[in-house]
Amino acid sequence: MNVPLDSEPLVVLAAGSPIGLGVFLTWTSRTRSAKTTQTGFAVAVPGALVGAWLGFNASTAPFVGIGFAIVGSIAAANLALIFLDIATVPSTGSIPSKLRGPADHSGSAKRISTNRSPK
């Protein structure tokens, strides 16, 4: 049985599976719950497979489709995990104190006057 290198099922599985697994493994953290980690695996690998399929079909040139499949797989797996992070983070309705910065800016810098009178 001969399978061409630019066969769609071969490219999608060969690019999507390891990329999905790699993106998932770089995303994992000990601070996440087991359920969130399992959900991350469940969205990263299929997301990478869908991205590889879309990338492969984005080009009509046979071997260019392989490169597009790789890029599409990386993008889709990361996007799926970003959406998962957004969906699982509880909303507090306010900006975290680390992102707010100092509350009082009045005494932190000198005021520079832009009004210059001609001499």
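Between L5 and F63, the shortest heavy-atom contact is CB-CE2, 4.1 Å. The shortest heavy-atom contact between I66 and V11 is CG1-CG2, 3.8 Å. Residues G51 and A76 come closest through the heavy atom pair CA-CB, 3.6 Å. The heavy-atom pair separating A15 from P18 by the smallest distance is O-CD, 3.7 Å.
Looking at W27 and L84, their side chains come closer than 4.5 Å, going by heavy atoms from C-beta outward. The shortest distance between side-chain heavy atoms of L49 and L13 falls below 4.5 Å. Residues V43 and F24 have side chains not in contact (no heavy-atom distance under 4.5 Å, counting atoms from C-beta outward). Considering only heavy atoms from C-beta on, D85 comes within 4.5 Å of R32 through its side chain.
Atoms CG and OG1, on L81 and T28 in that order, are 10.0 Å from each other to the nearest 0.5 Å. The CG atom of N57 sits 12.0 Å away from the CZ atom of F68 when rounded to the nearest 0.5 Å.
Put simply, the residue from I70, V71, N78 that forms a side chain to side chain contact (heavy atoms under 4.5 Å, CB included) with I19 is I70.
Within the structure, salt bridge (Lys or Arg N to Asp or Glu O under 4.0 Å) pairs that include any residue of residues 8-21 do not occur (at least two apart or interchain).
Clustering ILVMFWY residues whenever any of their side-chain heavy atoms sit less than 4.5 angstrom apart, transitively, puts F83 in a cluster other than the one holding V89. By the rule that hydrophobic residues join a cluster once side-chain heavy atoms approach within less than 4.5 Å of another member, V23 and L25 end up as members of one cluster.
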